[in-house]
Amino acid sequence: MFFRVAWLVMRKDLTVEVRSREILYTTAFFAVACVLVFSFALVKEGRPLEDAAAGILWIAVAFAGTLALGRTFERERHSETLRALMLAPSPRAAIYVGKLLGIVLLLLVVEAVLVPLIGLLFNVPILARPLLLTGLLAAGTVGFAAVGTLFAAMLVRARSRDVLLPVLLYPITIPVVIGGVRGTAALFELPPSGEVAGMWMALLLFFDVVFVTLSLWTFEPLMTE
Amino acid sequence: MKRSYPFLVLAAVVLFAAAPILVDRAPYESTMGLVQKIFYYHVPSAMVMFLSALVCGVASALYLFRRNAAADRWASAAAELTVVFGLIVLVTGPLWARKAWGVWWQWDARLTSTLLMWMIFAAYLLVRRFGGPGAEKLAAAMAVFGMANVPFVYVSVNIWRTIHPTTRVVPTLAPGMRGVFWFAVLAFMVLFALLLALRARLEARRAEVEELYLMVEED
């Protein structure tokens, strides 16, 4: 029952998105624009600063993620469909998991565009440890989106939700961004250091467990009016 | 409860009046000299900040799961105090660091995590103020995540290699400093209890006035 509801909520979100592709296109374009803006800031005399590539990658993910979260729930607010979802006789936590999976998948697609672009522009070895890099990106995205989905869902009813989402989200998720940046930076070095990246990967997984547990625990009382 | 206020006020005044004298008489640390004295303000404020964040987190969880309006008032009072005492920590720290390390700020794990924790509770206050209806719950969720941060901030100095002194400093204080230090801790704790109780009471009065106002409106 639980996983079926989560699966259906995720499939609904993805179906809506595949039909319009609005969030995917705008978010991916925004992420690429972020990369360019930060490249101008962090490239000096034709050469990027140390670890700039990893930093820019995660800044783009965090900013684009905030945008995607806001848009996804704006869509639910538009025709009061979030209320309809909440009225469904199913566990609230399952709805949360479905929403979370939808956003994580969307962000992973955006990252699939971002990573090759970063590799190309900054000449970093993205294929040196492909599995570890994918793991870092997936773990970081889950941690970021876990908190993001919870707060974006709650903010649907708030007046100044566009401003409040980053205000709430960034202080809590900065540890995830730190872990992602340091781990990815270790992989982008020559030669890549899998050991250091593995240590940060463990930290990211730890944060994922804490954030997902806290979110599942608080989603039910938070969404009850 | 109400009767204990004059006593608490008196205790806080006496404690804070005596603290500078005791701090002045405490022995000088051999390498740092006078700068080390800021330790008697920095560490107790940090302790109160942690305690306040925990009070805020627990009260917020009570509010979320039990719908207890009083718990929400305690949580908002504790969040304000976390920000205030956090500010003391974040101001006294760099003052000491400038003399001890030669820089105001260093991006190490303890400093960064303390700043993040402070930002979480500052965001709590922002949401309460500008979030509109239903902001109490949003803020409560923020406090629960903020409370989860406390253990990380505390152990950060022991796990990562940082230049911030570790948590072993306090248990191994020199005898002349130990008494003064715990006196300062007591003073800050009494002040915290007093401010928390007063602030929560003010919120309770405000809620009462609101209720009475609504009753008059209805008639």
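Numbers restart at 1 for each chain; the letters A, B, ... are given by sequence-line order, proteins then strands.
Residues B/Met119 and A/Ile174 have side chains not in contact (no heavy-atom distance under 4.5 Å, counting atoms from C-beta outward). Within the 4.5 Å cutoff, no side-chain heavy atoms of B/Phe145 are placed close to those of A/Leu168.
Residue B/Ala148 touches chain A through its side chain alone, counting heavy-atom pairs closer than 4.5 Å. Within the 4.5 angstrom heavy-atom criterion, only side-chain atoms of A/Phe206, from C-beta onward, approach chain B.
When all heavy atoms of A/Ala158 and B/Gly131 are compared, the closest pair comes out as CB-O, 3.7 Å. Taking every heavy atom of both residues into account, B/Ala141 and A/Phe151 meet most closely at CB-CE2, 4.0 Å.
Atom CZ of A/Arg157 is separated from atom NZ of B/Lys137 by 6.5 Å, given to the nearest 0.5 angstrom. Note that the CD1 atom of B/Ile120 and the OH atom of A/Tyr170 stand 15.0 Å from one another [nearest 0.5 Å]. In this structure, the separation between CG on B/Leu138 and CZ on A/Arg161 is 12.0 Å, given to the nearest 0.5 Å.
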Please lay out, stage by stage, how A/Trp217 and B/Val144 fare under the test side chain to side chain contact (heavy atoms under 4.5 Å, CB included). CA-CA 11 Å; A/Trp217 187 51; B/Val144 171; 4.2 Å; yes
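Dense packing is recorded around CH2 of B/Trp101, with more than 12 heavy atoms of other residues, nucleotides or ligands lying under 6.0 Å away. Heavy-atom neighbours of A/Glu50 CD from other residues, nucleotides or ligands within 6.0 Å: at or below the threshold of 12. Environment of CZ in A/Arg75: crowded, with over 12 heavy atoms of neighbouring residues, nucleotides or ligands closer than 6.0 Å.
Between chain B and the options A/Val167, A/Leu164, A/Ile172, the largest number of non-hydrogen pairs under 4.5 Å is found for A/Ile172.
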